[in-house]
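All chains are named by letter (A, B, ...) in the order of the sequence lines, taking the proteins before the strands, and each is independently numbered beginning at 1.
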Number of protein chains: 2
Amino acid sequence: MAPAPFPVAVGGANVAERAQLPPSLAISTVIFALKPAPDGRPTLWVPLVRRVREPYRGSWALPGGPLTASESLEDAARRNLAETTGLDPAYLEQLYAFGGLRRANRPDIGSQRVVSIVYWALVRAHETEFGGELGEERDNVAWHPAEPSHGGPAELAFDHREIVDYALWRLRNKIEYAQVAYHVLGEMFTLAQLREVHEAVLGRSLDPANFRRQLKGTADLEATEHYLEGGRHRPPRLYRYTGPRGL
Amino acid sequence: MAPAPFPVAVGGANVAERAQLPPSLAISTVIFALKPAPDGRPTLWVPLVRRVREPYRGSWALPGGPLTASESLEDAARRNLAETTGLDPAYLEQLYAFGGLRRANRPDIGSQRVVSIVYWALVRAHETEFGGELGEERDNVAWHPAEPSHGGPAELAFDHREIVDYALWRLRNKIEYAQVAYHVLGEMFTLAQLREVHEAVLGRSLDPANFRRQLKGTADLEATEHYLEGGRHRPPRLYRYTGPRGL
DNA sequence: CCAAAAGTGTTCCATTTACACCCATGA
DNA sequence: TCATGGGTGTAAATGGAACACTTTTGG
C-alpha cells in the first residue's frame with residue numbers, strides 16, 4: 001500500500017498568529033458518487049458548495065457545518081449532508097480531523113480556530129439527484145469530478161483540495177479489502193456492474209474472469225436465481241450482497 | 001487486513017441526554033513502548049494516568065487534556081504528553097476522533113460534551129523513564145501492559161479500553177507495511193533486534209530468514225560495515241534506517 | 001570441537017495474472 | 001449464424017512460509 005499522501009504532512013503547521021477564542025468544531029463531508037465524466041466513462045464526482053463569503057468567496061468547498069451539542073459526530077455529518085445536498089448515504093466513515101493553524105485565517109468568524117472532522121462516503125448514482133426540494137442546479141451546490149484530471153476544479157477553498165485527494169486515497173485502498181462498492185449498487189446487481197464500480201474507483205480496467213473468482217472466494221456474495229433480461233446478449237446472473245449494510 | 005474492531009461501531013451511539021454547552025475539544029494519546037512483561041518477554045506498554053476526580057475516580061485513563069487556541073492538533077498532543085509523562089516521541093500519528101454522546105457523562109465539567117482527538121505513537125524503551133523532574137513512580141502516572149492478556153488493566157476510564165484496543169489494531173496493521181518499528185531502535189541495530197520489535201508488536205515469532213529477505217527487498221535499510229561485538233556468538237552486522245525519520 | 005546465532009539457498013504452496021476457450025442470447 | 005458479453009479452465013508468474021544448510025564466533 002502506498003503511503004498516505006496527506007495527513008503525514010499536516011501536523012507541521014507553524015503558529016502564524018495567536019487565535020483568541022477556543023477552537024470550534026466543524027464537520028465536513030466528502031461524498032463520492034459515480035457519474036459519467038466529460039469523456040463519457042464513469043468516474044468519481046463530489047458535491048461542492050460555492051462560498052458566498054470571504055475568505056475564498058466564489059470558490060468551491062466541501063459541504064459542512066458546525067457540530068451541535070446533542071448529536072454524535074456521525075449524526076452531525078449526516079444532518080449536514082442532508083441539509084446541504086439532500087443526500088443520506090448508507091455508508092459513512094470518518095476520514096480525519098484537520099486542525100492545522102493555517103486553516104484559522106477566517107475573518108468571517110473572527111479569529112476563531114476551526115477544527116474540522118471530515119467524513120467520507122460512497123453513494124448510489126440515483127441518490128445524486130439532490131433530493132427533497134433541492135434540484136440539480138440548486139443554489140450554490142453542484143457536482144464536480146473529484147479529480148482535476150477528469151475535469152474537476154484544481155483548486156478548492158481552504159485545504160479542501162488536499163482533503164479530497166486524501167479521501168480518494170482512502171477510498172481506493174479500502175475498496176480492495178472492504179465491502180465498500182456494494183453501497184453504490186442496488187439490492188441485486190451483475191458482476192459486470194460491480195466490476196464497473198471497482199474500475200471507476202481504481203481508475204483502471206480489471207480482468208472479468210479474475211475479478212469474478214476473487215470476489216466469489218472472499219466477499220459475502222450470494223448468487224440469485226434471477227437474471228438481468230433485456231440486454232443485447234446473454235443475460236448475466238444477478239447477485240446479492242449478504243454482508244453488513246450501512247453501519 | 002482484518003476489519004477495524006472499534007470505530008465502525010462508534011457512530012451508532014444514541015442520544016442519551018441533551019448536553020447544553022457546545023462540545024469542547026480534548027486531545028489524548030496512546031503511547032506504546034516495549035518493555036518486558038511479567039512473563040519476561042518484551043511486550044507493549046502504555047502510560048496511564050490515575051483519575052483523581054469523578055467520574056471514574058481511581059481508574060486509569062489515557063494522558064490527555066484540552067486543546068488550546070494557538071496550537072495545532074499534533075502540537076497539543078505533544079505538549080500534553082510532555083506535561084503528563086515527559087515523553088517526546090519521534091513519531092506521532094492521529095488515530096481517530098471520538099465524539100459519541102455516551103462519552104458526555106462528566107459531572108466534573110458540567111454537562112459539556114467532549115470530543116477527543118486521539119494520537120498514538122511508538123517510542124524507544126529508554127524514553128520510558130519519565131523525563132525531566134518526573135520519576136518512574138511519579139504521582140499518578142504509571143506504565144501498564146497494553147493488553148489485559150499480558151497483565152494490563154481490563155477496564156479503563158471512559159471508553160479508553162476500546163481506544164487502546166483500536167490503537168493496537170492500527171499499530172499491528174501499520175507495522176507490516178510502514179516504517180514504524182525503526183522509531184523504537186537507535187541509529188544502528190541488528191536485524192535480530194528489528195525482528196524482536198516486530199515480534200513483540202505482532203505477538204508472534206517470525207522466521208529470521210524470511211524476515212531478513214522481506215525487509216531487504218522493501219524498506220529503506222542500509223547495511224553498515226559495523227558489527228555488534230561482545231555477543232556470545234557470531235557478531236551480527238549492524239544496519240541503518242535511511243528512510244524518513246520522525247514526521 | 002561444540003553450541004548457538006548469523007546468514008544463504010531451496011522447496012513448497014497459495015494467490016495473482018494472463019489469456020484461451022466455451023456458452024447463451026438478441027438481432 | 002454471427003457478434004458480443006457471460007462464464008469456465010488453465011498455465012505461468014509471483015510472493016510468502018517452511019526448513020535444510022553453511023558460516024562464524026565464544027567458550
Side-chain angles (χ1 to χ4, degrees), chain A residues 1-2 36 40-42 172-179 181 185-186 188-241, chain B residues 1-2 40-42 172-179 181 185-186 188-219 221-241:
Chain A
M1 182 156 58
R41 294 188 319 198
R172 287 180 173 141
N173 277 312
K174 195 129 196 176
I175 204 173
E176 290 182 349
Y177 68 88
Q179 289 72 20
L185 301 165
M188 292 195 293
F189 48 86
T190 70
L191 288 183
Q193 288 168 343
L194 182 58
R195 179 167 49 86
E196 269 174 28
V197 174
H198 280 249
E199 287 177 339
V201 167
L202 296 175
R204 61 187 166 94
S205 57
L206 303 170
D207 184 303
N210 297 330
F211 182 79
R212 166 184 309 270
R213 267 183 299 255
Q214 281 162 6
L215 280 190
K216 284 186 146 181
T218 60
D220 312 280
L221 203 59
E222 183 183 81
T224 71
E225 290 310 310
H226 301 129
Y227 293 82
L228 180 62
E229 312 284 347
R232 279 186 301 278
H233 306 293
R234 172 176 172 179
R237 182 186 287 270
L238 289 168
Y239 289 80
R240 179 184 289 118
Y241 172 62
Chain B
M1 180 156 60
R41 294 187 319 198
R172 287 181 173 142
N173 276 313
K174 194 130 196 174
I175 203 174
E176 291 182 347
Y177 67 88
Q179 289 72 23
L185 301 165
M188 291 195 295
F189 47 87
T190 70
L191 288 183
Q193 288 168 341
L194 182 57
R195 179 167 50 84
E196 269 173 28
V197 175
H198 281 247
E199 287 177 338
V201 167
L202 296 176
R204 60 188 166 92
S205 57
L206 301 170
D207 184 301
N210 296 330
F211 182 80
R212 167 186 307 273
R213 265 183 300 254
Q214 280 160 11
L215 280 191
K216 284 186 144 180
T218 61
L221 202 59
E222 185 182 83
T224 72
E225 289 311 310
H226 302 127
Y227 293 81
L228 181 60
E229 312 285 346
R232 278 186 302 278
H233 306 293
R234 171 175 173 180
R237 182 186 288 268
L238 289 167
Y239 290 81
R240 181 185 287 118
Y241 172 62

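- Residue pairs meeting the salt bridge (charged side-chain N to carboxylate O under 4.0 Å, His left out) criterion with at least one member in residues 217-228 of chain A, sequence neighbours excluded: A:Glu222-A:Arg240, A:Glu225-A:Arg237.
- The separation between B:Phe189 atom CZ and C:dA6 atom P is 15 Å, rounded to whole Å.
- A:Arg204 has its CZ atom 14 Å from the C1' atom of C:dA18, to the nearest Å.
- Here B:Tyr239 pairs with nothing under the ring pair (Phe, Tyr, Trp, His ring centres under 6.0 Å) rule; sequence neighbours left out.
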Any protein N or O atoms within reach of nucleotides 11-14 of chain D? Criterion: under 3.5 Å, listing atom names and distances.
none

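- Between the CZ atom of A:Arg195 and the C1' atom of D:dG7 there is a distance of 11 Å, rounded to whole Å.
- Taking atom NE2 on B:His198 and atom C1' on D:dA17, their separation rounds to 17 Å, with Å as the unit.
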For nucleotides 19-25 of chain D, print each protein N/O atom paired with a nucleotide N/O atom at under 3.5 Å, atom names and distance only.
from   : atom 1 : to       : atom 2 : distance (Å)
D:dT23 : O2     : B:Arg234 : NH1    : 2.7

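- Atom pair B:Tyr227:OH and C:dA5:C1' shows a separation of 15 Å (rounding to whole Å applied).
- A:Pro235 is linked by a side-chain contact (heavy atoms from CB on, under 4.5 Å) to A:Tyr227, A:Glu229, counting only residues two or more places apart in sequence or in another chain.
- Across A:Phe189 and A:Leu185, no two heavy atoms sit closer than the pair CG-CD1, 3.8 Å.
- Applying the salt bridge (charged side-chain N to carboxylate O under 4.0 Å, His left out) test to residues at least two apart or on different chains, none of the pairs has a partner in residues 205-218 of chain B.
- A:Arg172 pairs by the side-chain hydrogen bond (donor to acceptor under 3.5 Å, both in side chains) definition with A:Glu147, not counting sequence neighbours.
- The interatomic distance linking B:Glu176 (CD) with D:dA17 (C1') rounds to 14 Å, in whole Å.
- Taking the side-chain contact (heavy atoms from CB on, under 4.5 Å) definition, one finds that A:His226 meets it with A:Met188, A:Thr224, A:Leu238, sequence neighbours left out.
- If you measure from atom CG of A:Leu215 to atom C1' of C:dT16, you get 14 Å, rounded to the nearest angstrom.
- If you take CG of A:Leu202 and P of C:dT17, they are 12 Å apart, rounded to a whole angstrom.
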Mind listing the side-chain donor-acceptor pairs of residues 192-202 of chain B below 3.5 Å, one per line with the distance, residues two or more places apart or on another chain?
from     : atom 1 : to       : atom 2 : distance (Å)
B:Gln193 : OE1    : B:Thr190 : N      : 3.0
B:Arg195 : NH1    : B:Glu199 : OE2    : 3.3
B:Glu199 : OE2    : B:Leu206 : N      : 2.8

